[in-house]
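What follows is a set of notes on a single structure, which appears directly below.
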Amino acid sequence: MTTRNTRGRQFFANPGPTNIPDSVLKAVQQASVEYNDSAFLEIYDQGFAGLKRVLGTRHNLFMYNASGHGAWEAALQNLLSLGDTVLVVESGVFSDSWAEMAGKLGYKVETVKGDWRRGIQIADLAEHLRADKAHAIRAVCVVHNETSTGVTLPLPHIRAAIDAAGHPALLMADTISSLGCMEFNMDGWGIDVTVGGSQKGLMLPTGMSFTGVSDKAVEAHKRATAPRGYFDWTQMMARRHKSFIGTVPIAMFYGLKESIRLLEDEGLPNVVARHHRLAEAVRRAVQVWSGNGSGPEIFCTDAQRRSDSVTTILMPEGHNAESVRSVAIERYNTMTGGGLARLAGKVFRIGHMGDLNEPMILGSLASVEMSLAVAGVPHQKGGVQAAMEFLKG
Ligand SMILES: Cc1ncc(COP(=O)(O)O)c(C=O)c1O
């Protein structure tokens, strides 16, 4: 017999995968069809075109049966030749992992060091690029929204710094936890490769990832010689689906068509505004819990860079975040995100991305506030009240 409270709906304040709307769940349940059949191709083309609108690109899109890691690998392998140099902008666990992957695949990795609590100084990136007089750096890899730390980096400023340095490197942006949550405009912002995944802002099951690719990047791909198999864009370009070497994930496309409908019915600017509003409610709650500085606090120290899709919360000294998380799930059926890698135990994360409304976020905040009390973590009461005051508008 379990003592875990499993009644009612689980409040899923997870920073990905996220809540899947009921209509998307219904859509993915349909029977399989042949993926070359005209009836399915119509749905496929709608999903493909819709995703390009969400990305804000008129250029190329390549999709994979893989989680986000697959799209990371696709971006590197299609644009580079073995021994090439990439410059990774340090932001946290996910920038580290992308850098590690690039190293394992045989590329030289340089890093613009950044404080995990606020991200890099843009001037450091500009200086690094200006020092690369021979233009050895082929690509700059940036995680738009660092899901481990809750820090969002200003991609337009990063683009401007690359341009100001007169450097030809391609700009690759990981939007896995920002797409469908925050403003993003691939073509307008001059992004060469956008890495995205199905399981966060797009409100779909995990398992499909993709890369939006500029025409400039496709030209670079034609010159690049790294070995590639499943992720080969050249092979994809020759296919009817322009993506997916092998079987196309039919159910995912039934879901994608519905999730694009939901996003566009709400209107992308409204989706962005909703995320900002719910994120702000979370921040107001945490700021109250912080009290005079002895309680948990928002990990990101730069107010301009606080993420609208996930808030990472730093525990006070001597308190383990896992004790709060386990009370929240065991007693109140509320799932939060844990601290990753070197942040394990030190932080927990409240995800506020995807299919979410006011009472859902208030429910999660109430569970967390009760869990802080049960776990004996010092905090000032009234965080949920502050969130309600803000949300009632
Ligand atoms: C910003 C970011 N990049 C990359 C990844 C890795 O994606 P996946 O777990 O889908 O392979 C994640 C996963 O959470 C992420 O948040």
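Since this is a predicted model, take the numbers as computed values, not measurements. In what follows, residues are counted from 1 in the order of the sequence shown. Atoms within each ligand, like the ligands themselves, are counted from 1 in listed order.
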Residues in side chain to side chain donor-acceptor pair (under 3.5 Å) contact with S38, at least two apart in sequence or another chain: none

Among residues at least two apart in sequence or on other chains, which ones pass side chain to side chain donor-acceptor pair (under 3.5 Å) with T18?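 For T18 there are no side chain to side chain donor-acceptor pair (under 3.5 Å) partners, ignoring immediate neighbours.
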
Would you be so kind as to tabulate the donor-acceptor pairs closer than 3.5 Å made by side chains of residues 70-79, with sequence neighbours excluded?
from : atom 1 : to   : atom 2 : distance (Å)
W72  : NE1    : D174 : OD2    : 2.9
Q77  : OE1    : Y107 : OH     : 2.4
Q77  : NE2    : P227 : O      : 2.9
N78  : OD1    : H221 : ND1    : 3.3
N78  : OD1    : W233 : N      : 3.0
N78  : ND2    : A74  : O      : 2.9
N78  : ND2    : F231 : O      : 2.7

Evaluate the ring planes of F184 and H144, with Trp represented by its six-membered ring, and classify them as parallel (under 30°), tilted (30 to 60°) or perpendicular (over 60°). tilted

How far does CD of E146 sit from CD of E90, to the nearest 0.5 angstrom?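 Here the rounded value is 9.0 Å.
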
Identified side chain to side chain donor-acceptor pair (under 3.5 Å) partner of D308 from the options H276, H275, R274: H276

I'd like the atom pairs linking ligand 1 to the protein - N or O on both sides, separation under 3.5 Å - with distances to 0.1 Å.
from     : atom 1 : to   : atom 2 : distance (Å)
ligand 1 : 3 (N)  : D174 : OD2    : 2.6
ligand 1 : 10 (O) : G68  : N      : 2.8
ligand 1 : 10 (O) : Q199 : NE2    : 2.8
ligand 1 : 11 (O) : S67  : OG     : 2.6
ligand 1 : 11 (O) : G68  : N      : 3.1
ligand 1 : 11 (O) : H69  : N      : 2.9
ligand 1 : 11 (O) : H69  : ND1    : 2.6
ligand 1 : 14 (O) : K200 : NZ     : 2.7
ligand 1 : 16 (O) : T147 : OG1    : 2.5
ligand 1 : 16 (O) : K200 : NZ     : 3.4

